[in-house]
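Worksheet: the structure to be examined is printed underneath.
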Amino acid sequence: MSLKTDFKLLAKGSSNVNLQAQSSDLLSRVPPEITTEIFLNVCDRTIPPTLAKTSPKFDLLRVPLPIVYPLMLGKICKEWRRIAWACPLLWNVIHIPLSLRKYQQQILLLSQWLERSAGCALSIYLEMHDGEGLWCGSDYLRSLFALLVEHSDRWEHIDIFLPKPSKGVLSGACLRVPLLRSACIRALNSVDVPLEFLECSPNLRSLELKRISPKGVDCQNLTRLVASFVSTTDILFTLQAAPNLQYCELSNTYGTPDSALPILQFCLPALKTLKLRDCHSSALWPHFGIAPQLRDLEISEWNDQLDLEAMSSFLSRTQCHLQNLAIATGDSMDQTGLQNLLQALDSLVSLEFHYLFVRDDTHLFRSFLEMFEPDSGHPLIDAQNDDAAAADDQEDKSQKEASIFLPNLRKLGYQLPLNTDEADLQKLIAIITKRWKHGDPTPTRRCTADHSISGGRKRFARLEALRFDPSISTSQILDPLRKEMEGGLKITFDLPFIDSEDEDP
């Protein structure tokens with residue numbers, strides 16, 4: 001058993017006699033400096049305990065290892081308490097599962113916790129133990145925020161929710177967050193509270209907001225933005241002010257930009273991931289300019305029809321080589337628009353389709369299968385094995401490569417129609433078999449400027465992984481592809497719905 005495991009068991013009050021005896025003898029010979037280092041490794045201090053990954057199971061108790069808080073260490077003996085109380089780094093993560101019943105004790109404990117953390121940078125996580133409803137209209141949180149704001153110059157990471165009413169609860173932190181790197185701020189109800197304390201936050205890199213506007217936030221150095229239930233117009237101006245953004249996830253934005261608002265055409269040169277869920281994306285696309293680093297795009301619209309033409313224009317304008325695309329819709333998609341979109345994405349490596357309501361869209365599925373037709377008529381096997389074919393005229397070769405549909409595709413996920421026609425299913429199997437058997441298995445194959453596979457003679461990538469939803473008969477897929485699966489083809493039936501949030505802003 002590891003020493004860290006021994007300390008965790010002791011901190012939780014293990015009744016194992018042998019363990020206690022061995023550990024007592026060990027503790028009498030360990031210098032305080034070493035004990036401090038052990039405490040720092042035992043306590044989970046870097047991430048909120050509610051989000052911590054479950055520790056590995058160990059043989060004695062056959063249960064996950066518990067989370068150890070510094071208070072637990074003080075229960076073992078006076079020496080442990082003295083060492084723990086004197087180590088500020090043990091107290092720089094503050095996780096409070098707020099409870100109305102224990103609120104007064106929690107305020108007292110928070111005061112002591114802040115005192116013991118001395119001058120260390122703080123990570124603060126507030127959790128509503130009693131649920132949101134009980135805190136509405138409560139003034140209890142004001143004294144808690146007042147205590148936290150006194151130490152805002154030491155905030156490094158915060159994950160908090162604003163009470164209602166919330167006006168002024170964070171105003172004391174204004175211009176006093178020089179260390180703040182990440183902030184997650186949620187409001188219990190939609191509030192129009194300016195985040196004054198973030199107007200000057202030079203080190204802010206990650207921002208998450210729910211039901212609160214990002215207006216006025218210093219976004220110059222922001223690399224990650226997650227926002228939900230906020231105004232579309234406010235989001236547009238925020239994106240315009242965030243040139244270093246790398247990850248952007250927006251959901252349930254409300255309202256459409258004012259007709260008088262000019263097309264912003266903001267550039268996001270570092271953006272790599274963009275996720276939009278129920279954001280009236282057709283109103284957002286025109287405002288995006290160049291985003292050459294964009295690699296991952298997830299778009300879902302449950303209530304509005306996807307504007308595939310606007311999406312195609314957006315991707316063309318960004319000048320990116322998109323690699324991963326996930327599309328989810330609650331309505332039928334335009335077949336022509338989808339074909340035009342996908343034919344322009346030769347760099348695509350992973351593609352997924354999700355549906356919420358339209359599960360009988362056989363016509364779209366059939367149209368999708370027909371998009372693979374152009375590459376099925378070429379004599380691929382002969383061309384790959386015949387040296388003379390490899391020396392054909394370069395222009396003719398380029399024309400043939402250009403006709404390959406999604407030449408880099410390696411992963412495909414599709415939520416099949418509920419009543420998939422047998423002929424369509426056989427066609428799907430034929431496409432999978434061909435892409436597996438004759439595709440290039442090299443995972444590091446690069447995409448050239450014209451998006452065709454370079455550095456080899458294979459003209460399309462090997463299709464290596466498939467995902468379907470569990471509602472279809474697995475045998476219809478697995479039985480015909482058994483040989484390919486034995487060779488390494490991965491097929492799973494775990495394709496999830498991309499759920500939309502039903503809450504009102």
Side-chain angles (χ1 to χ4, degrees), residues 249 251-252 273-279 281 296-308 311-312 322-343 345 348-373 405-406 408-433 435-436 463-481 484-485 489-502:
E249 181 177 339
S251 59
N252 299 94
T273 301
L274 177 62
K275 298 183 178 182
L276 303 178
R277 294 183 175 183
D278 288 326
C279 291
S281 55
D296 306 309
L297 175 62
E298 178 185 306
I299 171 71
S300 61
E301 292 285 359
W302 300 130
N303 301 314
D304 295 339
Q305 188 172 31
L306 280 175
D307 190 338
L308 298 176
M311 193 189 309
S312 296
L322 195 69
Q323 294 184 358
N324 305 300
L325 174 63
I327 296 178
T329 180
D331 201 350
S332 179
M333 286 187 285
D334 175 62
Q335 299 178 22
T336 303
L338 180 62
Q339 183 170 355
N340 293 337
L341 171 68
L342 296 180
Q343 284 180 339
L345 298 178
L348 211 60
V349 175
S350 174
L351 175 64
E352 288 192 2
F353 288 101
H354 305 253
Y355 296 95
L356 181 61
F357 306 120
V358 188
R359 291 302 313 280
D360 59 345
D361 201 341
T362 303
H363 295 293
L364 182 64
F365 177 56
R366 190 168 296 161
S367 174
F368 175 69
L369 295 178
E370 291 173 355
M371 295 177 196
F372 287 87
E373 280 295 306
F405 179 67
L406 298 180
N408 286 308
L409 189 66
R410 295 185 180 275
K411 300 177 181 178
L412 174 63
Y414 203 108
Q415 202 166 343
L416 299 175
L418 288 175
N419 300 308
T420 305
D421 187 82
E422 184 66 28
D424 293 336
L425 200 56
Q426 290 179 4
K427 193 169 186 178
L428 173 64
I429 299 297
I431 292 171
I432 295 170
T433 303
R435 289 281 177 130
W436 168 262
L463 190 58
E464 300 172 339
L466 301 166
R467 295 182 71 195
F468 303 105
D469 59 294
S471 64
I472 68 169
S473 175
T474 57
S475 61
Q476 290 180 289
I477 298 290
L478 297 181
D479 289 348
L481 296 173
E484 287 75 15
M485 292 179 63
L489 177 64
K490 298 178 181 179
I491 303 178
T492 56
F493 293 86
D494 63 343
L495 192 64
F497 290 102
I498 301 181
D499 295 323
S500 60
E501 299 185 55
D502 294 327

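One distance of note links CG of Asp494 with CZ of Phe468; it measures 11.0 Å at 0.5 Å rounding. To the nearest 0.5 Å, atom CD of residue Glu301 and atom CD1 of residue Ile327 are 11.5 Å apart. Here the straight-line distance linking atom CG of Asp278 with atom CD1 of Ile299 works out to 8.5 Å at 0.5 Å rounding. Leu322 contributes atom CG, which lies 11.5 Å from atom CG of Asn408 (distance to the nearest 0.5 angstrom). To the nearest 0.5 Å, atom CG of residue Leu412 and atom CG of residue Leu406 are 9.0 Å apart. The structure places CH2 of Trp436 at 10.5 Å from CE of Met485, a figure rounded to the nearest 0.5 Å.
Using a 4.0 Å cut-off between charged side-chain N and carboxylate O, Glu249 and Arg277 make no salt bridge.
Looking at heavy atoms from C-beta onward, Ile432 lies out of side-chain contact with Glu484 at the 4.5 angstrom threshold. Side-chain atoms of Leu345 and Leu351, non-hydrogen and from C-beta on, never get closer than 4.5 Å to each other. Counting heavy atoms from C-beta on, the side chains of Leu478 and Phe493 come closer than 4.5 Å. Residues Met371 and Gln343 fail the side-chain proximity criterion, which asks for heavy atoms closer than 4.5 Å. In this structure the side chain of Asn340 never reaches within 4.5 angstrom of the side chain of Leu308, judged on heavy atoms.
Residues Leu306 and Met311 approach most closely at CD2-CE, 4.4 Å, considering heavy atoms. Taking both residues in full, the closest heavy atoms of Pro480 and Ser475 are given as CD-O, 3.8 Å, listed atom of the first, atom of the second, then distance. Looking at every heavy atom in both residues, Gln476 comes nearest to Ile429 through O-CD1, 4.2 Å.
Remark: Asp421 engages no residue in a side chain to side chain donor-acceptor pair (under 3.5 Å) (not counting sequence neighbours). Listed by chain and residue number, Tyr247, Lys275, Asp296 satisfy the side chain to side chain contact (heavy atoms under 4.5 Å, CB included) test with Thr273 (two or more places apart in sequence, or in another chain). Residues passing the salt bridge (charged side-chain N to carboxylate O under 4.0 Å, His left out) test with Asp424 are Arg366, sequence neighbours excluded. For Gln323, there are no side chain to side chain donor-acceptor pair (under 3.5 Å) partners, not counting sequence neighbours. Residues satisfying the ring pair (Phe, Tyr, Trp, His ring centres under 6.0 Å) test with Phe365, not counting sequence neighbours, are Tyr414. Listed by chain and residue number, nothing satisfies the side chain to side chain donor-acceptor pair (under 3.5 Å) test with Ser367 (two or more places apart in sequence, or in another chain). Listed by chain and number, the residues in a side chain to side chain contact (heavy atoms under 4.5 Å, CB included) with Lys411 are Ser350, Ala465 (sequence neighbours excluded). Gln339 pairs by the side chain to side chain donor-acceptor pair (under 3.5 Å) definition with nothing, not counting sequence neighbours.
Using cut-offs of 30° and 60° on the angle between ring planes, the pair Phe372 and Phe405 is perpendicular.
Each of Leu489, Ile477, Leu428 was compared with Leu466 under the side-chain contact (heavy atoms from CB on, under 4.5 Å) criterion, and only Leu489 meets it.
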Query - Audit row: Thr474, Ile491, side chain to side chain contact (heavy atoms under 4.5 Å, CB included) steps and yes/no - result: CA-CA 10 Å; Thr474 57; Ile491 303 178; over 6 Å; no
